[in-house]
Number of protein chains: 4
Amino acid sequence: MSSTPQPRRGNTRQRIQDVALELFAEQGYEKTSLREISEKLDVTKAALYYHFKTKEDILASIFEDLNRPVEDLIVWGREQPRTLETKKEILARYSDALTKAAPLFRFMQENQATVRDLSIGATIKGRILGLVDLIRDPEAPIIDQVRCFSALFTMHAGMFALKDVDGDPEDKRKAVLEVAVDLVTQAHAPGSDQ
Amino acid sequence: MSSTPQPRRGNTRQRIQDVALELFAEQGYEKTSLREISEKLDVTKAALYYHFKTKEDILASIFEDLNRPVEDLIVWGREQPRTLETKKEILARYSDALTKAAPLFRFMQENQATVRDLSIGATIKGRILGLVDLIRDPEAPIIDQVRCFSALFTMHAGMFALKDVDGDPEDKRKAVLEVAVDLVTQAHAPGSDQ
Amino acid sequence: MSSTPQPRRGNTRQRIQDVALELFAEQGYEKTSLREISEKLDVTKAALYYHFKTKEDILASIFEDLNRPVEDLIVWGREQPRTLETKKEILARYSDALTKAAPLFRFMQENQATVRDLSIGATIKGRILGLVDLIRDPEAPIIDQVRCFSALFTMHAGMFALKDVDGDPEDKRKAVLEVAVDLVTQAHAPGSDQ
Amino acid sequence: MSSTPQPRRGNTRQRIQDVALELFAEQGYEKTSLREISEKLDVTKAALYYHFKTKEDILASIFEDLNRPVEDLIVWGREQPRTLETKKEILARYSDALTKAAPLFRFMQENQATVRDLSIGATIKGRILGLVDLIRDPEAPIIDQVRCFSALFTMHAGMFALKDVDGDPEDKRKAVLEVAVDLVTQAHAPGSDQ
DNA sequence: CATGAATGAGATTTCATTCAT
DNA sequence: AATGAATGAAATCTCATTCAT
């Protein structure tokens, strides 16, 4: 006896987030239906709505949880002197954050159009600009500003685009970080483009 | 009479592609419905099906048309000697191609998850790898390979992410190209990371 | 052969309105689902959406069609001299209109709370006030204004509440009209309440 | 300590009824969800189920409580001689009852379709017929019976429809009552319509 | 006296697609 | 070259209700 009624554990909310992120990252936000999520969790769709107000809310909650380190990083960065050393440290920490929440960032990378007009869209844009502003100098020549953007793109895209290149993941991560650091270093040097 | 230049005559197919691309780029592929497209064109949904077999087919046809220059570029590139000069030329031509079909590439950039499992997904991946392989050396140290990827990411993302930075678009384009060229140049130099 | 595919006649829109009104009047607006309507018509739910944008739109279209006579009556009434004779004629014509579109008016009578915050709510309120203003004199003593309201309520409610009283429907209709006429006559007489 | 008059103590049942009636009257029965009620009370939905068996039961309990005076009135009326004086008194008392439980009666007025097939539907119909039977004479000409119905409709609808007419509420109430009394007086007079 | 967690049923709506005309 | 009418499948979401604790 007591076969079917599984012991409703208190971690359902977390499990929803986990499964949702997994599917969102795999298939995209719109192609992932709540039915799919609930079936994978073996609960009803309505159960999702007990824990989250909307589908969008599920994503928002995931983002808020997993993006915290980046937020903290920005806050930290703003308090530091704007030296090259600081910038390198920021890149290093960011690389770390990206790696730790890889599925979220992969998702954001691959679903920009979708995410753009979700409620988190504005937030995300803000975070990215916040980051860029820690490493670029708005007075610098355009090319140096591009280098700073490029450093971030490289880290973002590098995480996922290098899957097909073989080599140890940690090595690849370091290589990506190094390229980013190079770019920022060049951008930081005065008269960098002569 | 009939001085109003009734612009429908055989060009419906083209108009569908134009409107579709505009909406796909603006809102994303899934959030753009055939109803929306047909309403903007002032035809019925069924008319779309006279010209295209499926929604996906509309996108595929757009891609095929607008991506041709890139395809040609790859073919051309393969016939050239693998010198730094060639690589620079490829980047320059690619920059040009990206600019000329900006909405398409913006769309691809922002809808990766969607595009990935559409029929064009594999094609796209192939094109990108084809491009990368024109400029990177698979025997080179990982960091140089990353630089090559980075050069391409920079051009892709640079097109759209720099909208908020002020400055003349053509200047920005040149700056982006220069950064990409720098990256490839560094990657090309033997012993680039010592 | 040719058994199932019924010859899609061009009157589906009308049939939807008919069935919808019938069910709305019988069960109320909210308790009538689109599933129910479509099943009774032997079409799919989606077919309803080909003809109407929303559930509310179905009701609105019914209202617009069937309420036209009342609208015309108000227009007509406004052009007449504000004599007792005119008022009597208005009541007579209104009684007629109510009878001819009985299900609609029964529905409105019994679903006031629902209808109130549908898009037609404001319209309906306007029509009723338009009617009242044809027969009451805003300068008259309150009691006479009440008599005018009462005349209208009587006709509205009388239509449906008298079902249980036996007698010929046409006789009942005449009796209701007569009571309404009496009320308005009393209200019209100067010094009616001494 | 404990000076703040913690108002929850055994009165939850009452508070549920109050809030429920308020929302039912404002928005209608179906458009008011138990979630809404419980949120407004700052308790959980499950708490409602501790006090009431079903949503319908909440309404039924409200009705039973607030309709008692009407019930008593009917009982009292049945013991009185069927004189005009008695009828007038009944109308006066009914007017009073309607005013005292205005939200309930407004609710019933505006949600007839809903209430009709709830369990209280039959009860309500019974009460109304009970009232009508105190003032009409089933042997009288139809027109006089209509006058009696009309007197009641007038009181019911008058309560809410006159909101837009300006004037002191108590004055309006008296005017409505007077019209009703007039109607019943006319109905009572033998040979009233010659 | 009440909550936290969940369910089953069902609602409205949207979409890509089809096909006779 | 295109339309009018419809469909089947699915999506998101809401609701009244239950029950162990």
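Chain A is the first sequence line, chain B the second, and so forth, proteins listed ahead of strands; every chain is numbered from 1.
An OP1 or OP2 oxygen of E:dG4 is reached within less than 4.0 angstrom by no side-chain nitrogen or oxygen of A:His51. OP1 and OP2 of F:dA1 both lie 4.0 Å or more from every side-chain N or O belonging to B:Thr12. In this structure, D:Tyr49 reaches the F:dT17 phosphate: one of its side-chain N or O atoms is under 4.0 Å from OP1 or OP2. Within the 4.0 Å cut-off from OP1 or OP2 of F:dA16, not a single side-chain nitrogen or oxygen of D:Arg35 is found. Proximity of C:Tyr50 to the phosphate of F:dA5: a side-chain N or O atom is located under 4.0 Å from OP1 or OP2. The side chain of C:Ser33 places an N or O atom within less than 4.0 Å of a non-bridging phosphate oxygen (OP1 or OP2) of E:dA11.
Taking 4.0 Å as the cut-off between side-chain N and carboxylate O, B:Glu39 and B:Arg35 count as a salt-bridged pair.
In this structure, A:Lys55 fails the cation-pi test against A:Phe24, since its NZ or CZ atom is not both closer than 6.0 Å to the six-membered ring centre and inside 45 degrees of the ring normal.
Pairing of F:dA1, defined by two Watson-Crick or G-U wobble distances under 3.5 Å, is not identified with any nucleotide. Nucleotide F:dT7 forms a pair with E:dA16, judged by Watson-Crick or G-U wobble geometry with both contacts under 3.5 Å.
A residue-by-residue look at B:Glu56 and C:Lys53 shows that C:Lys53 has its nearest nucleotide of DNA chain E further toward the 5' end. Comparing B:Thr54 and C:Tyr29 against DNA chain E, the residue whose closest nucleotide sits nearer the 5' end is C:Tyr29.
A side-chain donor-acceptor contact under 3.5 Å links C:Arg15 to the backbone of C:Leu41. Between the side chain of C:Tyr29 and the backbone N or O of C:Glu56 there is at least one donor-acceptor pair closer than 3.5 Å.
Relative to the side chain of B:Ala46, the nucleotides E:dA16, E:dT13, E:dT18 differ in distance, and E:dT18 lies closest. If you check F:dC13, F:dA10, E:dT17 against the side chain of B:Lys45, the one that comes closest is E:dT17. Closest to the side chain of A:Thr44, out of E:dT7, E:dT12, F:dC13, is E:dT7.
Using a 4.0 Å heavy-atom distance criterion, D:Thr32 is classed as a sugar-phosphate-only contact.
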